[in-house]
Protein chains: 2
Amino acid sequence: MSTRAEVLDLAVLGRLATAPMHGYELRKHLGATLGPVRALSYGSLYPSLRRLTDAGLIAEVRTATTPPHALSGRRARIVYELTDAGRVHLAEVLAHAEPAAWDDDAFTVRFTLFAATDARTRLRILEGRHARMVERLDLLRGSAARTRERMDSYTAELARYGLEQAEREVAWLEDLIDTERGTRGPLDLRPATDGGPPRTSTAGATGVPDIPNPKEQL
Amino acid sequence: MSTRAEVLDLAVLGRLATAPMHGYELRKHLGATLGPVRALSYGSLYPSLRRLTDAGLIAEVRTATTPPHALSGRRARIVYELTDAGRVHLAEVLAHAEPAAWDDDAFTVRFTLFAATDARTRLRILEGRHARMVERLDLLRGSAARTRERMDSYTAELARYGLEQAEREVAWLEDLIDTERGTRGPLDLRPATDGGPPRTSTAGATGVPDIPNPKEQL
DNA sequence: TCTGCCATGTAAGCCGTTACATGATTTT
DNA sequence: AAAATCATGTAACGGCTTACATGGCAGA
């Protein structure tokens, strides 16, 4: 679960769990949810489908309406669906929260699959991500303070903007965590050993609108 | 100026223009300005120094205080400085603003070198970047609107956050542009042909603090 | 008819991180 | 005395983007 390819595979598997799809469609959907900006290329998508097929986690759908390679509508589209093994594997992966789950790219993918993740795991991932971002924020603040005098205005402004962005992401995560806890963050007793921040609590009413009771497993 | 390596080379060249430095130091500085998060690895830095040396744009400094490979302090550190050709080349690159200059990574590097860039080029790069981000923002809004119904709360929340971030970057750029123009944006007459936005103007007093009169060329 | 979108793949090139190799100096 | 930091490189592996190959269908 640490390599890029594995993260992509998880995204594909998770998307196919919702509905069977063919490659082209999948690309559009993933591009939409993971950021329309970096629409992943076929050069990585199709190999991913191949890997998952070889692993027996997904399989081509063969229905009466789509005879294999026949001259039915358009070109022979290959629709993929999860196999039973795929369902089991997905459930297993979604059930535990390793540190790899809060890496930059993995976190986004895991977050888009929160609807199929149980509440405890969701919380643990959010907290892990939060800790990671706070750590990063401290680094930023430190280096900004250290080099402030030596920087020209533009470099300083860039640093300021970067800091602002990081602070906002931390605040966003805190909102999400509060919402998940349901407690709306009265006061949490984290030991200050690990660099836990004093909780600035910029959090407003910006939390997740309406969280459904998600199906516990998949 | 489009490949990643060229962008990195520019960053290195620009940094060395300010002060001669050795590789290890360079890595720290670049890591600090371009984001302490992704401290670039030696695996890309040293090859870059090699390329620039081969191209004759930088050269090792040989001073009396640092005899080559002798047992003077520490290990033989190789300090690099710009050659005359390097200075000329840097000035040329910084003088013009191609579309490649507002790509994600290139923009950051160009921005950190704004102190050595003339005002007109600065403005053109900021405007190019702004147009790019507005375009991206429209894409985001479009796909968000299209898929809103089909999304679960978490995916929707992620999309909302992404949109918010993009809006903030656009606002940031507008602030910078206004500051550069000196006019503080009374009303600019852009034709609506190109998808120019109605200028929401969230811009407050968040602009660049004090922009110095930068040395015009390097 | 031609452009553009749908649709699936493959191959190559680029490049960046990671790990390894080496060794001195400073700090704990 | 060990650990961390300074310091410079090389090699290999991973993997993503880009371009190419192919072809059907729909609308202008």
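Here is how names work: the chains are called A, B, and so on, in the same order as the sequence lines, proteins then strands, and each is numbered from 1.
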**Distance, rounded to the nearest Å, where B:Lys28 contributes NZ and D:dT8 contributes C1'** = 15 Å
**Message:** Of the options D:dT8, D:dT17, C:dC5, whose atoms approach the side-chain atoms of B:Arg77 most closely?
**Reply:** D:dT8
**Item:** Atom pair distance, as rounded to whole Å: CG in B:Leu26 and C1' in D:dT8
**Value:** 13 Å
Below 3.5 Å is the cut-off: list the nitrogen or oxygen pairs between protein and nucleotides 10-14 of chain D, distance only.
none

**Request:** Could I get the full list of salt bridge (Lys or Arg N to Asp or Glu O under 4.0 Å) partners for B:Arg132, not counting sequence neighbours?
**Result:** B:Asp103
**Prompt:** What's the OH-P distance between A:Tyr24 and D:dT22, to the nearest Å?
**Reply:** 20 Å
**Message:** Using the side chain to side chain donor-acceptor pair (under 3.5 Å) criterion, which residues pair with A:Arg120? Sequence neighbours excluded.
**Reply:** none
**Fill in**
With sequence neighbours left out, the residues meeting side chain to side chain contact (heavy atoms under 4.5 Å, CB included) with A:Ala166 are A:Leu137, A:Leu140
**Complete:** In whole angstroms, the gap separating C1' of D:dT17 from CG of B:Asp104 amounts to 14 Å
**A:Tyr24 six-ring centre to A:Arg77 NZ/CZ under 6.0 Å and within 45° of normal** = no
**Asked** Rounded to whole angstrom units, what separation is found between the NE2 atom of B:His22 and the P atom of D:dG9?
**Response** 11 Å
**Request:** Starting at atom CD of B:Glu60, determine the distance to atom P of D:dA7, rounded to an integer number of angstrom.
**Result:** 15 Å
**Prompt:** With respect to the side chain of B:Ser41, which nucleotide from C:dT18, D:dA7, C:dT8 is positioned closest?
**Reply:** C:dT18
**Request:** Report the distance from atom CD1 of B:Ile78 to atom P of C:dG23, rounded to the nearest whole Å.
**Result:** 16 Å
Check: residues 48-57 of chain B side-chain donor-acceptor pairs under 3.5 Å, at least two apart:
| unit_1 | atom_1 | unit_2 | atom_2 | d |
| --- | --- | --- | --- | --- |
| B:Ser48 | OG | B:Asp9 | OD1 | 2.7 |
| B:Arg51 | NE | B:Asp9 | OD1 | 3.4 |
| B:Arg51 | NE | B:Asp9 | OD2 | 3.0 |
| B:Arg51 | NH2 | B:Asp9 | OD1 | 2.9 |
| B:Thr53 | OG1 | B:Leu49 | O | 2.7 |

**Request:** Using whole Å, report how far CG of A:Leu45 lies from C1' of D:dC16.
**Result:** 13 Å
**Message:** Restricting to side chain to side chain donor-acceptor pair (under 3.5 Å), what partner residues turn up for B:Arg168, sequence neighbours left out?
**Reply:** B:Glu164
